[in-house]
Amino acid sequence: MPDQQPHRQCCGRCVGLPRADRSARRRVYRDALSHPGPSGPEPSQPPDPWATPGESGSPNGPASVATGTAVDASPHTLRIAGPDGERSFALLPGTRAWRGKTADPTAIRPGEQVVVRLVRGRRGVADKVWAGIGRVTGTIVDRDDDELLVDEGITRSRQRVTLPRPVINKIMVRFPRLEPAHLIDVIGLRRGELLEAALPAATQPPAVLPEQIPHSVKWGRNSDLMRGSVTWHEPAHPGEPDQGAAYPEIDPWSGCPETPAASARSSTPALPFLAIGSLLAVRNECAHAAGTVTVTTCAAIARLFSDRCLTCGTSPRGRIADLTMSSFVALGGELERACFNATVAVG
Amino acid sequence: MHALTLLRQLQVPLLALVLLVACAAKLLRLIRADWAGSAPDIGHLIPRRLRLPVAIAQCTTEGVLAAGLALTARFDGGATDAFRAAAALFFLICTSALLEVRKHRPDLGCGCFGTLSAGRVHLRTIVRAGALTGAALATIGAPVFRLPRHRSMDLLDAGLLACEIVLLAVLSPEVGEILARLGYSEPCEISLVPPEHALASLHRSRVWRKHTALIAEAAPEDMWRELCWWYVVYRARDAPAGSGGAVAFAVQVKRRRPAIRAAVVEPAAGHGLQEAVLGASGPSPAAPVSLASSTDI
């Protein structure tokens with residue numbers, strides 16, 4: 001099965017600067033321009049999504065999260081190797097783990113990528129561990145028996161997904177058309193370059209590319225807040241920032257959208273245009289956790305999904321942001337649940 | 001009896017009007033090539049390569065039927081009844097197709113009036129198509145339509161026509177969409193204004209002329225769009241490349257007379273960047289989010 005990426009553009013106007021530098025500089029320039037001049041008005045204040053009347057309880061801050069490669073997992077300790085060296089985490093009797101399904105933490109194998117959510121207020125104590133979890137979201141470009149080749153958009157490499165016999169029926173309930181040109185979104189166990197699908201992460205949209213169902217998130221109709229689904233993605237490459245968000249509506253001239261700018265002009269976007277370096281204030285409506293994330297890349301494929309998140313209640317249709325695994329977990333998301341219902345404000 | 005005859009006669013201009021509006025809406029959609037951003041409709045039931053030819057054929061059929069009904073309205077004969085029978089057959093096919101779509105693919109829209117028919121197929125839409133079929137059948141063999149000579153008949157005509165139009169409006173989910181569009185102005189955050197427009201506005205502005213002497217290169221170092229503003233950054237004349245010293249402009253996303261602000265940002269020794277606002281005009285771009293109850297992650 002061929003695994004070639006026809007073109008991979010940089011979205012967000014490549015200017016030769018590393019992405020993190022560019023985000024930081026853009027913030028400085030924007031702050032300078034927001035500074036009220038001698039006769040200028042005060043800078044406008046962004047809406048505060050947490051001040052919504054009638055909400056129950058104030059949101060929690062983000063949880064602490066550690067990521068790395070598992071070195072050793074014993075009944076009481078998990079050792080992982082991260083960019084800052086090795087770290088050990090205590091495993092309590094109530095510590096949960098996910099490895100293709102709910103599992104005992106001792107099932108974690110050395111060498112697997114792990115995401116560890118820590119117990120609030122207790123450093124070094126693991127609350128939940130995800131081992132080897134991966135996700136592929138995109139358009140099927142080829143199928144060879146039980147293996148799919150999936151295009152994840154212009155900013156990411158193509159992914160190979162295998163559909164094991166025991167789960168293929170479960171996946172086909174939500175994705176009945178596992179054929180080229182149809183969309184797929186599955187969560188599973190990462191085995192090197194291959195993702196072994198374990199469960200569907202969404203429901204297949206009725207349309208195929210490039211048609212799409214309009215978002216029911218409509219910016220500016222009632223308020224400046226966006227309510228919808230927030231999902232997560234795996235890092236596209238090893239150097240990708242641990243925290244951040246991919247955003248679907250980076251301006252169409254930056255090379256992000258799946259559709260060229262010329263045809264994108266004919267349709268009205270559902271979300272406001274933002275750039276690399278913009279800030280999103282995200283509130284997880286299910287876990288009542290909130291935090292601010294920086295837009296680090298574009299979510300080209302998220303534009304094609306107009307699904308609802310059903311983690312707690314029914315969200316409006318449309319994916320607002322696609323977080324990194326760390327940011328998603330820090331905001332109270334459960335990776336195997338694929339999404340959380342969210343309210344997002346733009347800064 | 002007279003009212004019934006009048007009612008049959010009135011269906012002809014009404015059917016012609018409905019077909020003409022449907023044809024115009026589809027033509028507009030074809031001209032704008034508005035396929036990518038619109039909701040999936042009944043056309044998605046046919047293979048992709050045939051969608052455009054079928055859409056053109058449907059639009060042409062509606063246009064020809066509308067013209068035929070209008071032009072033959074004042075004549076008797078085989079051609080007149082042929083157009084009326086064709087219109088009846090057309091609406092009958094539409095009714096059947098809508099029934100099938102509602103039953104088997106409830107996620108699809110009807111596409112009857114182009115992008116206005118974005119929602120799912122309502123029961124009202126099917127009733128409307130059925131009523132139009134009945135109206136077209138009623139016109140077959142109806143007497144020639146003549147303009148009324150007496151004021152009382154004129155009022156009866158107008159009343160019946162108004163009642164029919166109101167009935168059609170009640171049966172048309174598209175009316176709500178039209179009213180929503182009329183009362184909706186596009187927020188600047190989602191307005192599609194190309195970067196070339198922002199650069200042209202900037203280069204014509206007084207703020208630009210005031211800062212030209214400080215700019216080292218003609219091409220911007222960075223440019224991005226965020227909410228209602230385009231940001232354009234030029235390297236400052238005395239700043240080394242990559243140091244961050246720059247002249248930054250914010251151009252409002254607006255077709256005419258956008259507000260433009262400027263700031264000179266200087267590299268500070270050992271402290272990254274330090275900004276110094278030299279000149280600013282117009283509304284200020286939004287400041288970054290600062291939420292007491294949230295934390296950067």
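Each chain gets a letter, A, B and so on, in the order its sequence line appears, and its residues count up from 1.
Considering every non-hydrogen atom in both A/Leu271 and B/Ile190, the closest pair reads O-CG2, 3.4 Å.
The side chain to side chain donor-acceptor pair (under 3.5 Å) test applied to B/His197 returns no partner, not counting sequence neighbours. In this structure, B/Gln58 has no side chain to side chain donor-acceptor pair (under 3.5 Å) partners at least two apart in sequence or on a different chain.
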Residue pair B/Trp224, A/Tyr29: steps toward the side chain to side chain contact (heavy atoms under 4.5 Å, CB included) verdict: CA-CA 11 Å; B/Trp224 73 97; A/Tyr29 297 138; 4.0 Å; yes
Verdict with reasoning, A/Arg26 to B/Asp222, per side chain to side chain contact (heavy atoms under 4.5 Å, CB included): CA-CA 9 Å; A/Arg26 283 181 174 181; B/Asp222 194 7; 2.8 Å; yes
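Contacts of B/Val247 with chain A are absent, with no heavy-atom separation under 4.5 Å from either backbone or side chain.
In this structure, the separation between CG on A/Leu279 and CD on B/Glu226 is 7.5 Å, given to the nearest 0.5 Å. Residue B/Glu189 holds its CD atom at 13.0 Å from CD of A/Glu249, rounded to the nearest 0.5 Å.
A 4.5 Å side-chain heavy-atom check between A/Leu33 and B/Tyr231 finds at least one atom pair inside the cut-off.
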